[in-house]
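Below, each value reflects all heavy atoms present in this structure, side chains not excepted, and no hydrogens, waters or symmetry copies.
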Amino acid sequence: MAVSGFEGFEKRLELHFFGDIDDDDGKNMLGLRLLDFESLEQVLLAVQCTVVSAVGNPFFDAYVLSESSLFVYPTKIIIKTCGTTQLLKSIPPLIHFANNLGLTLQTCSYTRGNFIFPKSQPLPHTSFQEEVIYIEHNIPNNLCYRKASVMPSKLPAHSWHVFTATLLPPLKSPHHATFTVEVCMTELDRLIARKFFSRDSKTGDLAGRDMTELTGIDTINAGAFICDFAFDPCGYSMNGIDGDRYSTIHVTPEDGFSYASFECVGSVYDDPDDIVETLKKAVRVFMPATVSISSTRCSREVWTKMERALQPLGLKCRSFVMDEFPAAGTISYQTFTAARRK
């Protein structure tokens with residue numbers, strides 16, 4: 001493995017707010033979507049990334065960033081960044097701008113895998129302990145139901161770091177009808193990884209579209225509108241929009257530290273077979289040697305079916321753990337490696 005390179009593993013922050021967004025004129029129903037682009041730029045400046053492409057629909061706005069993605073709903077923001085970005089520095093300005101819109105922070109969730117190049121990370125991302133200290137210092141004290149945990153696996157290089165905080169006691173937390181699945185893949189098939197290198201110096205939206213079609217990413221959810229982007233000299237990001245649901249893919253294809261991620265949301269009322277098939281399609285696109293899957297509020301049926309679904313792709317489940325977190329509920333974490341490995 002390379003001594004140093006681009007960090008593919010993302011840091012992910014999800015903030016939920018509450019407040020009166022049901023004005024008679026309908027304008028305030030947009031909630032956080034009323035944040036102007038200049039305000040979002042200030043947030044991203046603190047994180048050290050920029051917007052490269054954007055699209056919206058009646059439900060939310062989706063931004064492809066120079067390092068991953070940002071999704072803005074009326075009362076929810078999800079920001080996911082890779083590289084050496086300082087994601088957690090987005091917390092103070094986001095809370096400030098939300099408060100100016102009459103919105104108050106209700107829950108905060110932060111997740112990430114193991115960095116490939118941990119020594120390259122700047123503060124506050126130098127360790128999970130430092131990240132937790134920073135978050136706790138920058139969220140309101142009334143988010144008093146908190147938990148930080150590192151979910152282990154049998155693979156030394158893979159574990160799942162989770163911090164959640166909420167102002168609601170567990171028994172009063174609202175029922176969540178949606179779930180989130182985060183898939184991290186390393187050691188991508190080399191022939192497939194090469195498809196994410198720019199050709200003829202083409203980058204941007206058009207080159208991104210070529211990569212989407214060439215690799216079959218557009219078949220993962222054929223009904224989604226895809227906003228994609230290709231980077232120079234290599235790398236790829238896309239946001240998929242399907243009604244009120246998003247999906248997102250990010251690829252770092254360099255040999256020695258190749259990485260791809262896939263994230264999507266769904267409803268607990270969906271057919272488990274559908275989400276399992278979607279995840280299988282995403283993994284098949286990259287044919288990685290190692291996969292980890294974290295699911296939040298996903299049904300037990302999905303966990304068990306994933307193990308069987310990835311077997312035809314030559315992947316064997318090596319470990320499975322689950323834990324309960326305030327606001328997030330049940331989080332499960334599975335790791336898979338190529339069956340040829342012991």
- Go through the side-chain N and O atoms of Asp218 and Thr212 and say whether any donor and acceptor fall under 3.5 Å apart.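 On atom types as modelled, these side chains do not qualify, holding no pair under 3.5 Å.
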- Item | Distance-only polar pair, side chains of Thr84 and Ser120, donor-acceptor under 3.5 Å | no
Shortest non-hydrogen contact from [X] to [Y]?
| X | Y | result |
| --- | --- | --- |
| Ser198 | Met211 | N-CE, 4.1 Å |
| Phe60 | Gly243 | CE2-O, 3.3 Å |
| Leu87 | Leu13 | CD2-N, 3.7 Å |
| Cys108 | Ile135 | SG-CG2, 4.0 Å |
| Glu10 | Cys82 | CG-CB, 3.9 Å |

- Message: For Val162, give me all partners under side-chain contact (heavy atoms from CB on, under 4.5 Å), at least two apart in sequence or on another chain.
- Response: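 For Val162 the side-chain contact (heavy atoms from CB on, under 4.5 Å) partners, ignoring immediate neighbours, are Thr111, Met151, Trp160, Thr164, Phe325, Ile331.
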- What pairs with Lys195 under side-chain contact (heavy atoms from CB on, under 4.5 Å), at least two apart in sequence or on another chain?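 Result, side-chain contact (heavy atoms from CB on, under 4.5 Å) vs Lys195: Leu214, Thr215.
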[X]: partners by side-chain hydrogen bond (donor to acceptor under 3.5 Å, both in side chains), with sequence neighbours left out:
| X | value |
| --- | --- |
| Thr107 | none |
| Lys154 | none |
| Ser39 | Asp36 |

- Where the side chain of Thr126 meets the backbone of Leu123, is there a donor-acceptor pair that is under 3.5 Å apart?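 Checking the backbone N and O of Leu123 against the side chain of Thr126, no donor-acceptor pair under 3.5 Å is found.
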- Query: Just by modelled atom types, is the Gly266 backbone N or O under 3.5 Å from a matching donor or acceptor in the Asp270 side chain?
  - Reply: no
- Message: Using a 6.0 Å cut-off, check whether atom CD1 of Ile133 has over 12 heavy atoms from anything other than its own residue.
- Response: yes
- Should we say atom CD of Gln129 is surrounded by more than 12 heavy atoms from elsewhere, each under 6.0 Å from it?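 Check fails, neighbour count at 12 or below.
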- Message: Which residue is it: Phe115, Tyr110, Phe128, Phe9? I am looking for the one with a ring pair (Phe, Tyr, Trp, His ring centres under 6.0 Å) to His161.
- Response: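 Output: one option passes, namely Phe128.
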- Query: Should the pair Lys147-Glu324 be classified as a salt bridge under the 4.0 Å nitrogen-to-oxygen rule?
  - Reply: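 A salt bridge is absent here (no side-chain N lies under 4.0 Å from a carboxylate O).
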Show which side-chain atoms of residues 92-102 pair as donor or acceptor with protein atoms under 3.5 Å away, not counting sequence neighbours.
unit_1, atom_1, unit_2, atom_2, d
His96, NE2, Asn100, ND2, 3.4
Asn99, ND2, Ile95, O, 3.3

